[in-house]
Colleague: 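One structure, pasted below without further comment.
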Amino acid sequence: MGGRKLTAVLAAVVLLLSGCQAGATAPEGIVVAHTAAPVNLDFTATSGAAIPQALMENVYESLVRIDDDGEIQPALAASWELSEDRRTYTFRLRPGVTFSNGEPLTAESVKFSYDRIAESWTNALGAQMAAVESTEAVDDLTVRITLATPSNRWLFTLASFVGAVFTPGGVDDLANTAVGTGPYTIDDYDRGRSLTFQARDDYWGANEPALAPRSERVTFRYYRDAVAATNALRFGDVDVIANLQAPEVAGEFERDSRFQVIEGTTTGEVLLSMNNAEGVFADRRAREAVMYGIDEAAVLETAWAGYGTLIGAMVPPTDPYFEDLSGQYPFDPERARELVGEAGIEGETLAFTVPNLPYALAIADIVVAQLADIGLDARIETQEFPAVWLDRTFTQRQFDLSVINHVEPRDILTVFSADYYVGYDDSRIAPIAAEADAGTEEEYVAGMQEVARIIADDAAADPLFLFPNLVVAAADIEGIRTNAPTDSYPIAPLARRG
Amino acid sequence: MSLARRLLQFVVTVLIASAAIFWLMRILPGNAAQVALGTSATPEAVAALEERYGHDEPLLVQYFSWIGGLLRGDFGESYVLGTNISPIIADRVQVTLVLVLASMLVAVLIAVPLGSLAAVAHRRPLGALIAGASQLGVAVPGFLAAILLVLVFSLTLGWFPANGWTAPADDPLDFLRRLVLPVFALGLVQAAILTRYVRSAVLDILNEDFLRTARAKGLTRGQALVRHGLRNAAVPVTTVAGVQLATVLIGAVVIEQVFVLPGLGSELVSAVANRDLLMVQGIVMVLVVLVLLINVIVDVLYTVLDPRIGRAA
């Protein structure tokens, strides 16, 4: 009868469809799964970490770059000198560098790019270059940048996307095309889904081991859902998960020889923030009570499977002024309860606004339990991220407690400035920070360490842990970097073994 | 119902839906300018961007200029992308329609033979087995079916990819491979529901006089059922299938997430996240119109299947 024929046909279809698995990823090269997709390719107009993450150091380059240890290294500038008064940088550009549209890199390209920030950038982070008073093209390959006041921080900032060098012929449609000097060009951009990079054969750094592209093609594919990403990795559709958002499954991959798991650091500090300006936490004793009452080690273990680093301050270990302050407020519920009593806030109801992100939701429950133990009644209000959290918590500051991963590099002064949502009174740290920024490198490190200590001393916020760079990858992929000290994700070192 | 009345009803429903989605999006907290500019935004920058989006105009003006655009087939410009929305929706709707139609096809192909069999064999163990299995299937939510299918057929057996989409033009074979699991995740649950309706519809018909007459003329039960019965059973089954088609369309929004498919659903989710209001409104309107169209088509199908319905009205 027809039934048997039908079964045979179905079986044949199944066999046919399931037959060719291996070839699926070939044209895309190495496939890296990321979480947040870039909204477009234009970081001069659109905020969000996803755009610089994809484009910086891969398509666009700056005069300098940050290496895996957080050190500043030459990039488009082969060398530079700092004037006696520490205000003027003279950069010598590498000769023979071209943009992917064939135009040469000259001092004029640099001047064009940095003048353009004030003129046409709508991304507010462009303000980081406000310190620049003037950019001059001294000759074809020499650029002189003069700052309004000396700034140690500035050179580091220059390594990020605000330092990206464009060419006048490459900025017409930044949202969809990217023309840079980097090792790759964008070959295919499928908005919201994937981004495929093609290695350039005329890249200036082709002979530099740290910079030369090792794979012809690399694809970023975007998975909003962590489980979908791990499924794709298990099936072989994906080679690398850039940062696993489901740490509870990392153990399974560690035990499986077909995969490798790498744990390093990021620049993301997961902060239990308290509203310093208003409400219960305007009282320093109340904030101290939280600092003593929260067992950060237990939070890390429960919420993120123990992956991450206890830091005690808004400074990751890859920053020059890192100091481990995690011992400042040991877990001491006894002392916390005393402080709660002193501040007269026992049983107080707290508005705990929690963005609907995996790590934040995981953290919220255990924090509430620990706070209950010291006599505080935190009520979780889940907020859609980014829209609602940005509106209610960040802009309108309707919160007592919140939790968020502050991902920007070197953001301690941003987070603890008076006009940020934390509402910290920065009058003590502002002069010290300004002096440190203008001083020598040693003075910078010493000054910023003092700033971090004062903030900890004021119990301004509880840095729960440093978000890990948790990478899961197929065992045959090499060149995966351990730490993520900047906002970029350089793909040049990635290669398939053998 | 007359054609004019049906058309009027269609227009009124679309208008109500458009007003509802427009005002709903306006009372959601958060806004596109804030999201686009992020944590480094200054209030001035947010205000300037709002103005560029046209948010400083009175709401009624915004609403009518949007509706006016829709009538001309212009969905407006996406805040986030700065490009026209229409081609994006046209692109994404194809993925969703492929998914929805393939799922319904699977559901019908499974449900009609199984349901008929269950009816014919309703006093035997086979009939009871099918009825029981369909009862179980009805209780399984689509996303759970999706997870189970991925676990078994992708991660354990390695037959089909766990997720992802390939355009048929790029690689037709890979397109089909990647379609199988999402289609079954959506289709199996609907098949279970439909099987129960087919079974009861066929059971009703088995007791009808005209079927007994047909058998008296010498047809076997099977022949009588196929020749005279199925057409009569088709009316209630078509109604249910029509309702299901609308359900599948909405279910596809969830399934697209699970299987990372670039359809209307995933576009809708990211548009809501970015508060890309015109994009959200555009997609919702497309879904509304599709659902209404399905209802109209089902109504028309009635009169084709059973001419008595058309005459009675």
Side-chain angles (χ1 to χ4, degrees), chain A residues 13-21 23-24 27 37 39-40 42 45-49 122-128 175-176 190-193 221-225 227-238 383-392 394-396 404 406 408 414 420-421, chain B residues 28-32 34-46 48-49 52 78 80-83 88 92 113 147 150-151 153-155 157-167 170-171 173-174 176-180 257-262 266-267 269-270 272-276:
Chain A
V13 169
V14 165
L15 279 177
L16 194 66
L17 293 182
S18 59
C20 51
Q21 281 166 21
V39 169
N40 56 49
D42 185 6
T46 311
S47 79
T122 51
N123 185 342
L125 282 175
Q128 293 180 319
N176 298 298
D190 189 351
R191 187 183 54 81
R193 295 182 59 210
R221 207 178 295 139
Y222 297 95
Y223 293 88
R224 215 177 275 130
D225 175 28
V227 177
T230 54
N231 286 348
L233 177 67
R234 286 202 178 97
F235 187 79
D237 272 354
V238 155
Q383 296 184 336
E384 180 197 345
F385 188 85
V388 177
W389 188 86
L390 267 182
D391 186 50
R392 293 283 161 80
F394 189 82
T395 307
Q396 300 182 32
I404 191 86
H406 289 274
E408 296 83 8
T414 314
Y420 215 63
Y421 80 104
Chain B
L28 267 191
N31 71 62
Q34 236 169 30
V35 174
L37 294 174
T39 53
S40 52
T42 58
E44 298 79 45
V46 171
L49 198 58
R52 228 180 68 199
S78 156
V80 173
L81 307 170
T83 57
I88 297 170
R92 303 298 203 213
I147 292 170
V150 168
L151 196 64
F153 294 100
S154 179
L155 300 184
L157 296 172
W159 288 359
F160 300 104
N163 50 46
W165 169 266
T166 304
D170 291 346
D171 183 348
L173 209 60
D174 198 48
L176 289 174
R177 285 173 60 219
R178 289 183 190 274
L179 203 57
V180 171
Q257 295 299 304
V258 177
F259 288 99
V260 200
L261 303 176
S266 41
E267 191 69 43
V269 169
S270 63
V272 170
N274 290 324
R275 295 293 187 269
D276 198 349

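Naming convention: chains lettered A, B, ... in sequence-line order (proteins, then strands); numbering from 1 in each chain.
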Colleague: Are A:Y223 and B:N163 side-chain neighbours, meaning at least one heavy-atom pair lies under 4.5 Å?
Modeller: yes

Colleague: Among A:R392, A:R191, A:E384, single out the residue with the greatest number of heavy-atom pairs under 4.5 Å to chain B.
Modeller: A:R191

Colleague: Against chain A, label B:D171 side chain, backbone, both or neither, depending on which of its atoms sit under 4.5 Å from a heavy atom there.
Modeller: neither

Colleague: Between B:V260 and chain A, which part of the residue has a heavy atom less than 4.5 Å away: side chain, backbone, both or neither?
Modeller: side chain

Colleague: What is the minimum heavy-atom distance between A:R224 and B:S270, and which atoms define it?
Modeller: NH2-CB, 3.3 Å

Colleague: Taking atom CG of A:N176 and atom OG1 of B:T83, what is their separation to the nearest 0.5 Å?
Modeller: 7.5 Å

Colleague: At a heavy-atom distance under 4.5 Å, which candidate from A:T395, A:L390, A:N40 has the highest pair count against chain B?
Modeller: A:L390

Colleague: A:R193 versus B:W165: any side-chain heavy-atom pair under 4.5 Å?
Modeller: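 The answer is yes, as the side chains (C-beta and beyond) meet within the 4.5 Å cut-off.
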
Colleague: So for B:I88, is it side chain, backbone, both, or neither that comes closer than 4.5 Å to the heavy atoms of chain A?
Modeller: side chain

Colleague: Compare every heavy atom of A:F235 with every heavy atom of B:S154, then report the nearest pair and how far apart it is.
Modeller: OG-CD1, 3.4 Å

Colleague: Side chain, backbone, both or neither: which part of B:L37 has a heavy atom under 4.5 Å from chain A?
Modeller: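 Interface part for B:L37: both.
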
Colleague: Pick one of side chain, backbone, both or neither for A:T414, based on which atoms fall under 4.5 Å of a heavy atom in chain B.
Modeller: neither

Colleague: Less than 4.5 Å to any heavy atom of chain B: does that hold for the side chain of A:D225, its backbone, both, or neither?
Modeller: neither

Colleague: For B:V258, which atoms come within 4.5 Å of any heavy atom of chain A: side chain, backbone, both, or neither?
Modeller: backbone

Colleague: What part of A:Q383 gets closer than 4.5 Å to chain B, counting heavy atoms only: side chain, backbone, both or neither?
Modeller: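 Contact with chain B: none, neither part.
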
Colleague: Is chain B contacted by the side chain of A:F385, its backbone, both, or neither, given a heavy-atom distance below 4.5 Å?
Modeller: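 Contact with chain B involves no heavy atom of A:F385 at all.
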
Colleague: Under 4.0 Å between a Lys/Arg side-chain N and an Asp/Glu carboxylate O for B:R275 and A:D391?
Modeller: no

Colleague: Minimum heavy-atom separation for B:P29 and A:A387, please, with both atom names.
Modeller: O-CB, 4.4 Å

Colleague: Is the shortest side-chain heavy-atom distance between A:H406 and B:T39 below 4.5 Å?
Modeller: no

Colleague: Just by modelled atom types, is the B:A36 backbone N or O under 3.5 Å from a matching donor or acceptor in the A:S47 side chain?
Modeller: yes

Colleague: Ignoring hydrogens, what is the shortest heavy-atom contact between B:V35 and A:P386? Give both atom names and the distance.
Modeller: CG1-CG, 3.8 Å

Colleague: B:N274, B:V272, B:L81: which one forms the most heavy-atom pairs within less than 4.5 Å of chain A?
Modeller: B:L81

Colleague: Could you please spell out the steps behind the side-chain contact (heavy atoms from CB on, under 4.5 Å) verdict for B:L49 and A:T122?
Modeller: CA-CA 9 Å; B:L49 198 58; A:T122 51; over 6 Å; no

